[in-house]
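First the structure, in the form of structure tokens, and then the observations on it.
Order of appearance sets the numbers: ligands from 1, and atoms from 1 within every ligand. Because the structure is predicted, anything quoted here is derived from the model rather than measured.
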Amino acid sequence: MLISDPKVIVALDTSDSAQALEFAQKASPELCKLKVGKELFTSSGPQLVEKLTVQGYDIFLDLKFHDIPNTVKKAVFAASQLGIWMINVHASGGQAMLLAAREAVDMAGSHRPFLIAVTVLTSMSDDDMSQLGINRTVSEQVRAMASLALESGLDGMVCSAKEAAMLRQQFGDSALLVTPGIRPVGTNPDDQQRIMTPKQAINDGSSYLVIGRPITQHANPAEALAEINQSLIQSSI
Ligand code: C5P
């Protein structure tokens, strides 16, 4: 089964580059994209990202930059030079920072990666909002941050699949919605609290699904990925 634009982004949550490369060998760029986050990037660096892009993988570099505009601009530009497909920053860094990040990806020209925002970390509660002096519920803050990100020219956002339908309704079809917290029917939720199946998430408006352990910790990761892709094909019929 070949897919022109795979919807599954496999989270390579490991510090072991050999393990990440072994997964990349077993899977294929026609079946999934890959997410490299802070753990793997800090341990294995740009060299690992380059090895994965050379194999043809679209890489979502999940480093969630949040700093002064000039620093974020330079970091996003440096990341863009690695030939990645997508990168993210925190919307709460403010509009000047978001505009600087947008300028940086535009400077990458034909290699321009998608630039998306983290709205509110899904680990945060309404109590955390008030502790931070934010006089909004998490849901209101998600909407406000999503709006700020899109007004600043970002391509979309990372959000809970449970928020996808609401964000689609508010912001229309063009924003990219990248959603973690995905669990195929009958799999272990692990530490995820609010889960959705791949099919439900796509039907609710997710553009791409971030999935880690249900694939990487499966006895046969390639089979787990194939089953998820199959469920998505069935959902589009
Ligand atoms: O193994 P699992 O499918 O739970 O992995 C989900 C991935 O998505 C992890 O890399 C996790 O850090 C990331 N993520 C998340 N929830 C968020 C943002 C990112 O689970 N709100």
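Every atom of ligand 1 with a heavy atom of Arg183 under 4.0 Å away is listed here by number and element: 1 (O), 2 (P), 3 (O), 4 (O). Within ligand 1, counting atoms from 1 as listed, the ones closer than 4.0 Å to a heavy atom of Arg213 are 1 (O), 2 (P), 3 (O), 4 (O). Residue-ligand proximity, Val210 to ligand 1, at heavy-atom distances under 4.0 Å covers atoms 7 (C), 8 (O). With ligand atoms numbered from 1 in the order given, ligand 1 contributes 16 (N), 17 (C), 21 (N) to contacts under 4.0 Å with heavy atoms of Thr122. Here is the list of ligand 1 atoms found below 4.0 Å of a heavy atom in Ile211: 3 (O). Atoms of ligand 1 lying under 4.0 Å from any heavy atom of Ala11, numbered from 1 in the order shown and given with element: 7 (C), 10 (O). Listed by number with element, the atoms of ligand 1 under 4.0 angstrom from any heavy atom of Lys35 are 10 (O).
Ligand 1 has no N or O atom lying under 3.5 Å from any N or O atom of Ile182, backbone or side chain. Taking distance alone, with nitrogen or oxygen atoms compared against 3.5 Å, Asp62 stays at or beyond that limit from ligand 1.
Shown here is Asn135, whose CG atom has no more than 12 heavy atoms of other residues, nucleotides or ligands within 6.0 Å. Under a cut-off of 6.0 angstrom, the local environment of NZ in Lys74 is sparse, with at most 12 non-hydrogen atoms contributed by other residues, nucleotides or ligands. Annotation for Asp173: atom CG does not count as buried by contact number, only 12 or fewer foreign heavy atoms lying within 6.0 Å.
The protein non-hydrogen atom at the shortest distance from atom 6 (C) of ligand 1 is Gln192 NE2, 3.8 Å.
Between the side chain of Ser147 and the backbone N or O of Arg143, no donor-acceptor pair lies under 3.5 Å.
Looking at Arg168 and Ser207, their side chains come closer than 4.5 Å, going by heavy atoms from C-beta outward.
Minimum interatomic distance between Asp155 and Pro113 (heavy atoms only, all atoms of both residues): OD2-O, 4.3 Å.
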For Asp13 and Arg213, what are the C-alpha separation, side-chain angles and deciding distance, and is it a salt bridge (charged side-chain N to carboxylate O under 4.0 Å, His left out)? CA-CA 8 Å; Asp13 289 326; Arg213 288 161 290 182; over 6 Å; no
